[in-house]
Number of protein chains: 2
Amino acid sequence: MAIDANLITGTLEAAGYRLTGPRRTLAELISREPGYFTAADLVAATGSADPAIGRATVFRVLELLSQLGLIERLDLPSGERAYLSCEPSHHHHVICSRCGRAADVADCGLAQVADEMGRRTGYRVAAHRLALFGLCPACQGQGGQP
Amino acid sequence: MAIDANLITGTLEAAGYRLTGPRRTLAELISREPGYFTAADLVAATGSADPAIGRATVFRVLELLSQLGLIERLDLPSGERAYLSCEPSHHHHVICSRCGRAADVADCGLAQVADEMGRRTGYRVAAHRLALFGLCPACQGQGGQP
DNA sequence: GCCCAGACGATACTCGGTCTCGCGAGCCGA
DNA sequence: TCGGCTCGCGAGACCGAGTATCGTCTGGGC
């Protein structure tokens, strides 16, 4: 789920980080992404938005934002690595395997399932990661895969 | 969950693949891993078990086994990429964040949760991936992190 | 024992990501 | 106003995972 650029810059500022030009540009670019994006996508977008911004800076900002919970790294079934901007709260993602659009979704009882799985295996479960893949409402109308 | 080397070689044979020396060696090495392992681990283990086996072969076998569902690629919360040997059926993993040992766990009602998430978002969910992280029974006794 | 498709090793390459270095801008106290 | 400190920056080397290519080898069916 795309988020507002102001939420990114505001969160950065609130966390005591400086609000620099490259960070504003990247916040804008990331907030404009409707679905997931790869590192290569963002580096390319950054290059055309402001060629002065370096690759290292893009990765630094990605790491910073993922620390702040504003973006999440996710791994597609294809093995690709992607990033997804999202609200900084515990939730999961449903990702359209056709257009890449993603929706946030709340726990919906997953916590109990995780507890049950922990009970059965004897593990003390501390964290879980769930990703759902399928077709978004828009792509269902058109059928098929990319 | 570690699997038997014979299951690997047997599945390979049944699927019409040749049972070569390197594949036997790799099947043995993989079945000996109690938890997850990284590509680097396996390449190193292969190097000491049989220095004649090349890096490309290790990756070829990993890809082959993941096609056959005998191993699964998974991404740790640290961002590391790892592999995990497992039975070729639909299930999920509980991974010990201390010793790396993993247990397979059946669906436990996750399918309904996934359906519910799909219903709420309007997505038609086709696949899901869940990974649980925590402490295995053995590590709970010792407390703390790695 | 022969033969050949499939498997192999070596190696170069791509790609995502990290590290290092030196520079510049902003902030703060003197 | 000056000087020092810190943070963020760009450039570019580097690293590790994984892929592609190519010529050679070999398992296993005949």
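Residue numbers begin at 1 in each chain, while the letters A, B, ... track the order of the sequences.
- Residues B:Tyr123 and A:Leu132 fall within the same hydrophobic cluster, defined by Ile, Leu, Val, Met, Phe, Trp and Tyr side chains chained together at heavy-atom separations under 4.5 Å.
- Distance A:Ile53 CD1 to D:dC9 C1': 10 Å, rounded to the nearest Å.
- Between the CD atom of A:Glu13 and the C1' atom of D:dC7 there is a distance of 15 Å, rounded to whole Å.
- Rounded to a whole Å, the CG atom of B:Leu76 is 15 Å from the C1' atom of D:dG16.
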Atom pairs under 3.5 Å: protein N/O with N/O of nucleotides 26-29 of chain C:
none

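- In the displayed structure, A:Arg23 atom CZ is contacted under 6.0 Å by more than 12 heavy atoms of other residues, nucleotides or ligands.
- The distance between atom CD1 of A:Ile71 and atom P of C:dG16, rounded to the nearest whole Å, is 15 Å.
- Phosphate proximity of D:dG27 to B:Arg23: absent, as no side-chain N or O sits under 4.0 Å from OP1 or OP2.
- In this structure, B:Leu12 atom CG and D:dG27 atom P are separated by 15 Å, rounded to whole Å.
- Each of B:Gly21 and A:Gly21 was assigned the nucleotide of DNA chain D with the nearest heavy atom; the assignment lying further toward the 5' end belongs to A:Gly21.
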Exercise for review: Go through the steps to decide whether B:Arg24 and B:Glu28 satisfy the test salt bridge (Lys or Arg N to Asp or Glu O under 4.0 Å), and finish with yes or no.
Suggested key: CA-CA 6 Å; B:Arg24 283 176 205 273; B:Glu28 184 62 38; over 6 Å; no
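- For B:Leu42 and D:dG18, the CG to P distance is 11 Å, given to the nearest whole Å.
- Contact annotation: the side chain of A:Val113 never approaches that of A:His128 to less than 4.5 Å [non-hydrogen atoms, C-beta and beyond].
- The shortest distance between the side-chain N/O atoms of A:Thr20 and the OP1/OP2 oxygens of D:dC7 is not below 4.0 Å.
- Rounded to an integer number of Å, the gap from CZ of A:Phe37 to C1' of C:dG16 is 14 Å.
- Contact of the B:His92 side chain with the B:Leu110 side chain is registered, since non-hydrogen atoms from C-beta on lie closer than 4.5 Å.
- A heavy-atom distance below 4.5 Å is not found between the side chains of A:Leu74 and A:Arg129.
- The closest side-chain heavy-atom distance from B:Tyr83 to B:Leu42 is not below 4.5 Å.
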Taking only N/O atoms, report every protein-nucleotides 17-20 of chain C pair under 3.5 Å with atom names and distance.
| unit_1 | atom_1 | unit_2 | atom_2 | d |
| --- | --- | --- | --- | --- |
| C:dG17 | OP1 | A:Tyr83 | OH | 3.1 |
| C:dG17 | OP2 | A:Tyr83 | OH | 3.3 |
| C:dG17 | N7 | A:Arg55 | NH2 | 2.7 |
| C:dG17 | O6 | A:Arg55 | NH2 | 2.6 |

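- Whole-Å rounding puts the A:Glu80 CD to D:dT19 P distance at 12 Å.
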Exercise for review: Under the side-chain contact (heavy atoms from CB on, under 4.5 Å) rule, what do B:Ser66 and B:Ile71 come out as? Steps first, then yes or no, please.
Suggested key: CA-CA 5 Å; B:Ser66 88; B:Ile71 62 173; 3.8 Å; yes
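- Residues B:Arg73 and A:Asp75 fail the side-chain proximity criterion, which asks for heavy atoms closer than 4.5 Å.
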